[in-house]
2 protein chains.
Amino acid sequence: MANISNPDLPSEAISRLLALIGQPARIQILFAIGEQEACVCHLEAVLEMRQASISQHLMVLRKANLVTSYRDGRNIFYRLTQPGVLTLLQQAAQLVGIQPEALRRLALRPVEGCPCPQCNPGMDPQLTCQKARSKSKNIS
Amino acid sequence: MANISNPDLPSEAISRLLALIGQPARIQILFAIGEQEACVCHLEAVLEMRQASISQHLMVLRKANLVTSYRDGRNIFYRLTQPGVLTLLQQAAQLVGIQPEALRRLALRPVEGCPCPQCNPGMDPQLTCQKARSKSKNIS
DNA sequence: TGGATATATTCGCCATAACGAATATATTAT
DNA sequence: ATAATATATTCGTTATGGCGAATATATCCA
């Protein structure tokens, strides 16, 4: 997976970029982190895909320098490296006749059922991004 | 190859468009016909690919409604259905750091060695789009 | 330190699509 | 009508990439 800014033929460089993001899961990811960075746990809630699949897509995007990540505790947050990618996607969406509102839904927060910190402002950070945490301790 | 404007998930519709044009030959074709329509013979000169391959790509683009064609004599001319596709490609080019001049070269005419009518204004239309026409008749 | 959890990575399978070769179709010239 | 030519289509092979399963790594908590 060559880096996007390889100095070869223009058509090949453009091709790599488009082929890279020309996939439903990646497009959803890019929209989801486009306006605001997101942790993987948020992407799981949005994409409704298995975590491993999402990480695979993130790896591809990362190696292509389209996204960068940083760790915060157990969570890893992703954001766009070049915001222009979002513009590109928006224009593609317009070309295929997608309504702007439908696009906004892809970036909207909070996402219901998402346990990530950004979708749950004010929640104890210790409790975010936890799937089906056992509450047995509080039961007795 | 589903039509681009299928009413399914936004990310899938966008994906189809991007995957469709995310290929060097198609990108070259779209740039070549972006500003001005072109016949297949011109595309052969520009892409330096075999005719059958070019026609295959054209067929894909046609079925996706990205280009339309009309016949003029023996030649068939192609043009963009939605000019916005060109804008999309230009923006993608900018994202990968391609200089505008390099882009312009992809649409520039005349192309040297191209026998198409547009690359040879004033030439007898009967003689355009003819590869290695036998001149044996004139030899004796 | 050990266990739980969030995320990453590797591997093998499978489908899709690009490509080359061959051939078909439509138009013009003789 | 026949030949020549511009373009289209079909077919079979092959390669690329996405996906599921399994596993690894890193961090936090007790």
Side-chain angles (χ1 to χ4, degrees), chain A residues 1-2 12 15-16 18-29 38-45 47 49-64 67 69-78 114-117 124-137, chain B residues 1-2 12 15-16 19-27 29 38-45 47 49-64 67 69-78 114-117 124-137:
Chain A
M1 210 70 45
E12 290 178 4
S15 164
R16 266 199 307 280
L18 295 182
L20 203 75
I21 65 183
Q23 177 145 162
R26 309 231 176 103
I27 292 171
Q28 283 182 278
I29 290 176
C39 62
V40 178
C41 129
H42 176 79
L43 296 176
E44 287 187 63
L47 300 194
M49 292 177 59
R50 294 177 320 126
Q51 175 267 321
S53 292
I54 294 176
S55 267
Q56 286 175 20
H57 288 297
L58 287 173
M59 181 176 17
V60 174
L61 294 173
R62 197 170 355 105
K63 287 184 178 172
V67 304
S69 62
Y70 69 91
R71 176 182 286 271
D72 179 22
R74 306 188 197 188
N75 303 322
I76 298 188
F77 286 82
Y78 281 84
C114 174
C116 91
D124 178 2
Q126 310 288 11
L127 297 180
T128 59
C129 284
Q130 312 243 2
K131 344 177 174 171
R133 167 167 294 276
S134 65
K135 298 170 183 171
S136 46
K137 283 187 183 174
Chain B
M1 208 72 44
E12 291 178 4
S15 165
R16 265 198 308 278
L20 203 76
I21 65 183
Q23 178 147 162
R26 310 232 176 106
I27 292 171
I29 290 175
C39 61
V40 178
C41 130
H42 176 79
L43 296 176
E44 287 187 62
L47 300 195
M49 291 176 59
R50 296 176 319 127
Q51 175 268 321
S53 292
I54 295 177
S55 267
Q56 286 176 12
H57 288 297
L58 287 172
M59 181 176 19
V60 174
L61 294 173
R62 200 171 353 105
K63 287 184 177 172
V67 303
S69 61
Y70 69 91
R71 175 183 286 270
D72 178 21
R74 305 190 198 188
N75 303 322
I76 297 189
F77 286 82
Y78 281 85
C114 174
C116 90
D124 178 2
Q126 311 287 13
L127 297 181
T128 58
C129 285
Q130 313 243 2
K131 346 177 173 172
R133 166 166 295 276
S134 66
K135 298 169 183 172
S136 47
K137 282 186 183 173

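Just so it is clear, the values below take in all heavy atoms, side chains as well, and ignore hydrogens, waters and symmetry mates. Here is how names work: the chains are called A, B, and so on, in the same order as the sequence lines, proteins then strands, and each is numbered from 1. What you see is a predicted model; the values in this text were computed from it and never measured.
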[X]: partners by side-chain contact (heavy atoms from CB on, under 4.5 Å), with sequence neighbours left out:
X     : value
A:A19 : none
B:S55 : B:Q51
A:I76 : A:S69, A:R71, A:Y78
A:Q23 : A:R26, A:H57

Interatomic distance, [X] [atom1] vs [N] [atom2] [rounded to whole Å]:
X     : N      : atom1 : atom2 : value
A:Q28 : D:dG18 : CD    : P     : 14 Å
A:E44 : C:dT5  : CD    : C1'   : 11 Å
A:K63 : D:dG17 : NZ    : P     : 12 Å
A:L47 : C:dT7  : CG    : P     : 13 Å
A:Y70 : C:dT7  : OH    : P     : 12 Å
B:E12 : D:dG18 : CD    : P     : 15 Å
B:N75 : C:dT27 : CG    : C1'   : 10 Å
B:L43 : D:dA8  : CG    : C1'   : 14 Å

Ignoring backbone atoms, test whether [X] places a side-chain nitrogen or oxygen under 4.0 Å from the OP1 or OP2 oxygen of [N].
X     : N      : result
A:H57 : D:dG17 : no
A:R74 : C:dA4  : no
B:R62 : D:dT7  : no
A:Y78 : C:dA6  : no

Review point. Can A:I29 and A:V67 be said to form a side-chain contact (heavy atoms from CB on, under 4.5 Å), step by step?
Key: CA-CA 10 Å; A:I29 290 176; A:V67 304; 5.6 Å; no
Please write out each protein N/O paired with an N/O of nucleotides 20-26 of chain D under 3.5 Å, distance rounded to 0.1 Å.
{"unit_1": "D:dG20", "atom_1": "OP2", "unit_2": "A:S53", "atom_2": "OG", "d": "3.3"}
{"unit_1": "D:dG20", "atom_1": "O6", "unit_2": "A:Q56", "atom_2": "NE2", "d": "3.0"}
{"unit_1": "D:dA21", "atom_1": "N6", "unit_2": "A:Q56", "atom_2": "NE2", "d": "3.4"}

Check your understanding: Within a strict 4.5 Å, meaning less than it, do heavy atoms of the B:F77 and B:P117 side chains meet?
Key -> yes
Review point. How about B:I27 and A:L18: do any of their side-chain heavy atoms sit closer than 4.5 Å?
Key: yes
Revision key, fill the gap. 5'-most contact on DNA chain D (nearest-nucleotide basis), A:A19 vs B:V40, goes to B:V40
Practice item. State, to the nearest 10°, the angle formed by the axis through the first five base pairs of the helix from C:dT1-D:dA30 to C:dT30-D:dA1 and the axis through its last five. Key: 20°
**Study point:** CD1 on B:I21 to CZ on B:R16, rounded to 0.5 Å
**Key:** 13.5 Å
Review point. Which value, rounded to the nearest 0.5 Å, describes the distance between A:M49 atom CE and A:I54 atom CD1?
Key: 6.0 Å
